[in-house]
A.B. asks: 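Before anything else, here's the structure in question.
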Amino acid sequence: MKQVLTIAGSDSGGGAGIQADIKTFQELDVFGTSVITAVTAQNTLGVTDVAPVPLHNIEKQLQAVGEDFEIAALKTGMLFDAETIQTVAKYIKHYKWQHLIVDPVMIAKGGASLLQEEAKDSLIEHLLPLATVVTPNIPEAEALSGISITDEKTRREAAEKILQSGAQGVLVKGGHSEDPDFTEDFYLDQHGGSLVLRSSRIPTKHTHGTGCTFSAALTAEFAKGHSIEEAFLTAKQFIQSAIEHSLNIGAGHGPTNHSAYRHHAQKELIRYVH
Ligand SMILES: Nc1ncnc2c1ncn2[C@@H]1O[C@H](COP(=O)(O)OP(=O)(O)OP(=O)(O)O)[C@@H](O)[C@H]1O
Ligand SMILES: Cc1ncc(COP(=O)(O)O)c(N)n1
């Protein structure tokens, strides 16, 4: 069984972060390991506390995984501060881990900061150059590029700017767009290759952890040897099912249903090159 790693924060509410990643890995038949960078006290109503894990312990977790497992693909989620980012980048290079998905988690849906403001530059300088794919949502793509995204043209410009960091590919997720009918995710790579996947927008507030789940699905598919196009398609279908069949758990923004992809037939996605 392929072994994968998530380096991210813990969500006590079980819908995002490490918990979403491990559930997704399990559903997609890969063996999930984890390095926890921060512990959040969180539920569907929001984040009430964030405790960073001591750096020494993060290093020990990275070594424990690196010394014993063959990591076929990995992802990063909430990294919280610049020191953690630099340490994580150091170990990714040390263990020569390939197929890195960087989900540049910055702000939780409820507004809580999951990455210190000054750590953004560190992310661009140290982690993005190692990334196979970086998966910002629209506000994150705007923050990383300094470009405001209002249409397809500015979305591409922002993606091109992010690629200047050295990441091999960028996938701008469309969950935050204002389109009432569709959500569209846009992939662009260093060679100008692009792919857009569009699905119908599901009218629901239960979208807690969609980005984490999506990037974990990409990681699992990369580990199994699939191409970016195949991995992107599976991840988009996985998240579409998870949102469509969400569970109505908690009083706020509920989690998605990580087992929906296994139980329900997939709908056709619209795909085009832009
Ligand atoms: N209402 C929705 N209906 C269908 N797909 C959605 C919806 N909301 C988000 N998605 C999809 O979910 C995935 C994650 O996108 P999104 O832009 O929400 O990421 P995110 O903001 O990083 O997520 P989060 O911060 O909640 O973890 C994308 O594939 C996006 O198209
Ligand atoms: C530990 C952790 N990692 C990531 C997110 C982002 O997910 P969302 O934007 O849906 O709150 C989160 N809330 N918590």
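Since we're looking at a predicted model, the values are computed, not measured. Order of listing sets the numbers, starting from 1, for every ligand and every atom in it.
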A.B. asks: Just jot down the ligand 2 atoms closer than 4.0 angstrom to any heavy atom of Q42, in number order.
C.D. replies: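 By the 4.0 Å cutoff, the relevant atoms are 12 (C), 13 (N), 14 (N).
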A.B. asks: Checking Q240 against S199: is there a side-chain donor and acceptor pair closer than 3.5 Å?
C.D. replies: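 Indeed, the side chains of S199 and Q240 share at least one donor-acceptor pair under 3.5 Å.
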A.B. asks: Looking only at protein heavy atoms, which one is nearest to atom 9 (O) of ligand 2, and what is the separation?
C.D. replies: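 For atom 9 (O) of ligand 2, the nearest protein heavy atom comes out as K109 N, 3.2 Å.
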A.B. asks: Could you tell me if any non-hydrogen atom of G77 lies under 4.0 Å from any atom of ligand 2?
C.D. replies: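 Not so, G77 does not reach ligand 2.
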A.B. asks: Around atom 10 (O) of ligand 2, find the nearest protein heavy atom and jot down its residue, atom name and distance.
C.D. replies: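 Heavy-atom neighbour on the protein nearest atom 10 (O) of ligand 2: G209 N, 2.7 Å.
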A.B. asks: Return the closest protein heavy atom for atom 7 (O) of ligand 2 as residue, atom name and distance.
C.D. replies: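 Among all protein heavy atoms, the one nearest atom 7 (O) of ligand 2 is A16 CB, 3.8 Å.
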A.B. asks: I'd like to know if the side chain of S113 and the backbone of L115 have a donor-acceptor N/O pair within less than 3.5 Å.
C.D. replies: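 Checking the backbone N and O of L115 against the side chain of S113, a donor-acceptor pair under 3.5 Å is found.
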A.B. asks: Could you pull out, from V47, D21, T207, L114, the option with a heavy atom nearest to atom 5 (C) of ligand 2?
C.D. replies: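 Closest candidate by heavy-atom distance is L114.
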A.B. asks: Any sub-3.5 Å donor-acceptor pair from E142's side-chain atoms to S148's backbone N or O?
C.D. replies: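 Checked: no pair found.
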A.B. asks: For I147, does its backbone N or O pair with a side-chain atom of S145 as donor and acceptor, under 3.5 Å?
C.D. replies: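 Yes, because the side chain of S145 sits within donor-acceptor range (under 3.5 Å) of the backbone of I147.
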A.B. asks: Return the set of residues passing ring-ring contact (aromatic ring centres under 6.0 Å, His included) with Y95 (not counting sequence neighbours), or none when no residue passes.
C.D. replies: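 Result, ring-ring contact (aromatic ring centres under 6.0 Å, His included) vs Y95: W97.
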A.B. asks: Can you tell me if G211 contacts ligand 2 (heavy atom of the residue under 4.0 Å from the ligand)?
C.D. replies: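 No.
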A.B. asks: With a 4.0 Å cut-off on heavy atoms, does S10 reach ligand 2?
C.D. replies: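 The answer is yes, since S10 has a heavy atom less than 4.0 Å from ligand 2.
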A.B. asks: Evaluate the side-chain contact (heavy atoms from CB on, under 4.5 Å) criterion for residues T219 and L5: first the C-alpha distance (whole Å), next the side-chain angles of each, then the deciding distance (0.1 Å), finally the verdict.
C.D. replies: CA-CA 9 Å; T219 308; L5 167 64; over 6 Å; no
A.B. asks: What pairs of residues pass the side chain to side chain donor-acceptor pair (under 3.5 Å) test when at least one of them lies in residues 75-84, not counting sequence neighbours?
C.D. replies: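 Checked against side chain to side chain donor-acceptor pair (under 3.5 Å) - neighbours excluded - the pairs reaching residues 75-84 are D21-K75, K75-S215, D81-T84.
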A.B. asks: Report yes or no: does S12 contribute a side-chain atom to a donor-acceptor pair with the main-chain N or O of Q42 at less than 3.5 Å?
C.D. replies: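 Flag set: sc S12 to bb Q42 pair under 3.5 Å.
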A.B. asks: In the protein, which heavy atom is nearest to atom 4 (C) of ligand 2, and how far is it?
C.D. replies: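 Checked against all protein heavy atoms, atom 4 (C) of ligand 2 sits closest to C212 SG, 3.6 Å.
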A.B. asks: Which ligand 2 atoms are under 4.0 Å away from a heavy-atom of G9?
C.D. replies: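 By the 4.0 Å cutoff, the relevant atoms are 1 (C).
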A.B. asks: Using a 4.0 Å heavy-atom cut-off, which part of A108 comes near ligand 2: side chain, backbone, both, or neither?
C.D. replies: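 Within the 4.0 Å criterion, A108 contacts ligand 2 through backbone and side-chain atoms alike.
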A.B. asks: List, by chain and then residue number, the residues other than I202 in its hydrophobic cluster (Ile/Leu/Val/Met/Phe/Trp/Tyr, side-chain heavy atoms under 4.5 Å); write none if there are no others.
C.D. replies: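 Via sub-4.5 Å side-chain contacts, I202 links to I101, V133, L171, Y187, L195, L197, F214, L218, F222, I228, F232, L233, I239, I243, L269.
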A.B. asks: Can you confirm whether the side chains of K236 and T183 place a donor and an acceptor under 3.5 Å from each other?
C.D. replies: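 The criterion, which ignores hydrogens and geometry beyond distance, is satisfied for T183 and K236.
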A.B. asks: Distances only, to 0.1 Å: what are the N or O pairs between ligand 1 and the protein that fall under 3.5 Å?
C.D. replies:
| residue | atom | partner | partner atom | Å |
| --- | --- | --- | --- | --- |
| ligand 1 | 1 (N) | I202 | O | 2.9 |
| ligand 1 | 3 (N) | I202 | N | 2.9 |
| ligand 1 | 5 (N) | T183 | OG1 | 3.3 |
| ligand 1 | 17 (O) | G175 | N | 2.9 |
| ligand 1 | 18 (O) | T210 | OG1 | 3.1 |
| ligand 1 | 21 (O) | N137 | ND2 | 2.8 |
| ligand 1 | 21 (O) | H176 | NE2 | 2.6 |
| ligand 1 | 22 (O) | N137 | ND2 | 3.4 |
| ligand 1 | 22 (O) | K173 | NZ | 2.7 |
| ligand 1 | 23 (O) | T210 | OG1 | 3.0 |
| ligand 1 | 23 (O) | G211 | N | 2.9 |
| ligand 1 | 26 (O) | K109 | NZ | 2.0 |
| ligand 1 | 26 (O) | T207 | O | 3.3 |
| ligand 1 | 26 (O) | T210 | OG1 | 3.1 |
| ligand 1 | 27 (O) | T210 | N | 3.4 |
| ligand 1 | 27 (O) | G211 | N | 2.8 |
| ligand 1 | 29 (O) | D185 | OD2 | 2.5 |
| ligand 1 | 31 (O) | T183 | OG1 | 3.2 |
| ligand 1 | 31 (O) | D185 | OD1 | 2.9 |
| ligand 1 | 31 (O) | D185 | OD2 | 3.4 |
| ligand 1 | 31 (O) | K236 | NZ | 2.8 |

A.B. asks: Within ligand 2, which atoms have a heavy atom of H208 less than 4.0 Å away?
C.D. replies: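 Within the 4.0 Å cut-off of H208, ligand 2 contributes 8 (P), 10 (O), 11 (O), 13 (N).
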A.B. asks: Taking S165 for its side chain and P129 for its backbone only, find out whether a donor-acceptor pair lies under 3.5 Å.
C.D. replies: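 No: the side chain of S165 does not pair with the backbone of P129.
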A.B. asks: Indicate yes or no for a side-chain donor-acceptor contact from Q266 to the backbone of H264 under 3.5 Å, with no hydrogens or angles considered.
C.D. replies: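 Looks like yes, one N/O pair under 3.5 Å.
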